[in-house]
Amino acid sequence: MAQILISLFPLLVLIVGGNILQKTGFLSDGFWSGAEKLNYYVLFPAMLFANLATATIHIAMLQTIFTVLALVLLITCIVLYIIRAVQKTDAARFGVYMQGMVRFNTYMGLAIVAALFSQQGLTILAITLAMCIPLVNILSVLALTRQDSMNVKSIFVSLLKNPLILACIVGIIFNFSGLILWAGFADLIKQLGICSLPLGLLCVGAALQFMALKKQLWVLLLNTFARLLIMPALAYMVCIWLGLTQLETQVLVLFFALPTASASYILTKVLGGDHQLMAGVISLQTLCSVLTLPIVLLWVM
């Protein structure tokens, strides 16, 4: 338990620090938008590429991870769409519920896995991200889009332009090509990746909007409970059923215990969803994950 708390402490301080820096105006809004852009287009893709390009990847591992992800996401989507049919939820709100359940805070996940499970755990998580980023982006866009205005081509093009997806694809291709990174370039990529996590966590804190928690608190609490506790429990059952190794189980359960991504707010606003509700979901999940993540980690370790 002590090791878990020690590993989570820097993450919490960085997130709180980011929120304080943003609220006090110590750093301008222009800094935060620039930092998010730099991280999204340069630093974070560099980290994903570095992990996937140099990792030891087996086909069996890819198949196992994909099976777990597919089953958990399929069950989740079936339940959500049944609830939508019963309650006749419109796309603006349903997209929020979907993102609250299937999207994930990659910065927190990478930081925790790096602290607890080192390189081998990072490899498993990087493969998970490579598979899940396209899937959850498609699910999120479909949920937010009205059927009469859906454009499959534009969705596909936007996915191809996603720097995180491109970094994962290029990293995996490079890995299987048998090529070796030049030492100088490898060190550069490593340094860029190191910058990504602390900056990303500061941006997570800066993006929190606690005033949005006043809107439909019971909906926020239900979504948060399902995301932070039910999803990892479901993932754990699937992992045990499929006979995954202890490390694979730990990383995948942790992955499904992460709060939703801060970027969900931007996507929701762009596609005309209920962005105020989305802000509340992001903020409450991030806040509650401080309590639930140690519980989940203690359970699986």
Side-chain angles (χ1 to χ4, degrees), residues 1-24 26 32 35-36 39 44 96-97 99-117 121-122 125 128-129 136 196-236 250-265 276-301:
M1 182 63 176
Q3 181 59 40
I4 293 173
L5 294 176
I6 290 171
S7 299
L8 292 177
F9 178 73
L11 279 68
L12 177 61
V13 172
L14 285 169
I15 292 173
V16 172
N19 188 258
I20 292 173
L21 289 172
Q22 195 276 332
K23 297 302 182 194
T24 58
F26 182 79
W32 295 113
E36 290 176 355
N39 219 357
F44 192 36
V96 173
Y97 302 152
Q99 290 187 95
M101 293 298 292
V102 304
R103 296 194 72 171
F104 44 87
N105 193 308
T106 46
Y107 302 123
M108 292 182 67
L110 284 164
I112 296 171
V113 170
L116 291 175
F117 305 115
L122 280 173
L125 183 59
T128 302
L129 295 177
V136 300
S196 175
L197 291 182
L199 183 61
L201 291 170
L202 286 171
C203 290
V204 168
L208 297 180
Q209 300 181 35
F210 293 112
M211 291 301 293
L213 296 181
K214 295 181 179 180
K215 183 175 181 178
Q216 302 178 51
L217 185 58
W218 70 272
V219 174
L220 299 179
L221 288 171
L222 182 61
N223 183 273
T224 297
F225 174 76
R227 180 68 180 95
L228 301 182
L229 293 175
I230 294 180
M231 287 283 281
L234 175 60
Y236 180 77
Q250 290 170 335
V251 173
L252 286 169
V253 170
L254 168 63
F255 171 75
F256 282 107
L258 296 171
T260 192
S262 302
S264 301
Y265 177 82
Q276 289 298 323
L277 182 60
M278 189 76 252
V281 169
I282 295 167
S283 301
L284 186 60
Q285 285 192 14
T286 304
L287 183 66
C288 290
S289 67
V290 176
L291 299 175
T292 59
L293 279 171
I295 295 172
V296 171
L297 287 168
L298 186 63
W299 176 38
V300 297
M301 291 185 71

Side-chain contact, heavy-atom cut-off 4.5 Å: Pro259 with Ile282?
-> no
How long is the span from the CG atom in Leu110 to the CG atom in Leu197, to the nearest 0.5 Å?
-> 5.5 Å
Using a 4.5 Å cut-off on heavy atoms from C-beta on, say whether the side chain of Leu287 contacts that of Leu208.
-> no
Close side-chain approach of Leu293 to Met108, heavy-atom, < 4.5 Å = yes
Non-neighbouring partners of Tyr107 that pass side-chain hydrogen bond (donor to acceptor under 3.5 Å, both in side chains), sequence neighbours left out = none
I would like to know whether Leu277 and Tyr97 meet side chain to side chain contact (heavy atoms under 4.5 Å, CB included); could you show each step before the answer?
-> CA-CA 9 Å; Leu277 182 60; Tyr97 302 152; 4.0 Å; yes
Heavy-atom distance under 4.5 Å between the side chains of Tyr236 and Leu252, does that happen here?
-> no
Taking all heavy atoms of Cys203 and all of Glu36, pick out the closest pair and write down the distance.
-> SG-CG, 3.7 Å
Approximate separation, where rounding is to 0.5 Å, of Leu201 CG and Leu12 CG | 10.5 Å
Ring pair (Phe, Tyr, Trp, His ring centres under 6.0 Å) with Phe255: which residues, sequence neighbours excluded?
-> Phe104
So Phe44 and Thr106, side chain to side chain contact (heavy atoms under 4.5 Å, CB included) or not? Walk me through it.
-> CA-CA 9 Å; Phe44 192 36; Thr106 46; 3.3 Å; yes
Between atom CG of Asn105 and atom CG of Leu258, what is the distance when rounded to the nearest 0.5 Å?
-> 7.0 Å
From CA spacing to verdict: side chain to side chain contact (heavy atoms under 4.5 Å, CB included), Leu254, Val300 | CA-CA 9 Å; Leu254 168 63; Val300 297; over 6 Å; no
Is there a donor-acceptor contact under 3.5 Å from the side chain of Arg227 to the main chain of Gln99?
-> no
Smallest separation among heavy atoms of Thr260 and Ser264, with atom names | OG1-OG, 3.4 Å
Closest heavy-atom pair, Leu228 versus Cys288, reported as atoms and distance to 0.1 Å, is CD1-CB, 3.7 Å
Residue pair Met278, Val281: steps toward the side chain to side chain contact (heavy atoms under 4.5 Å, CB included) verdict = CA-CA 5 Å; Met278 189 76 252; Val281 169; 3.9 Å; yes
Approximate separation, where rounding is to 0.5 Å, of Gln250 CD and Trp299 CH2 | 12.0 Å
Just how far is it from atom CG of Leu202 to atom CD of Gln22, taken to the nearest 0.5 Å?
-> 12.0 Å
Could I get the full list of side-chain hydrogen bond (donor to acceptor under 3.5 Å, both in side chains) partners for Asn223, not counting sequence neighbours?
-> Gln285
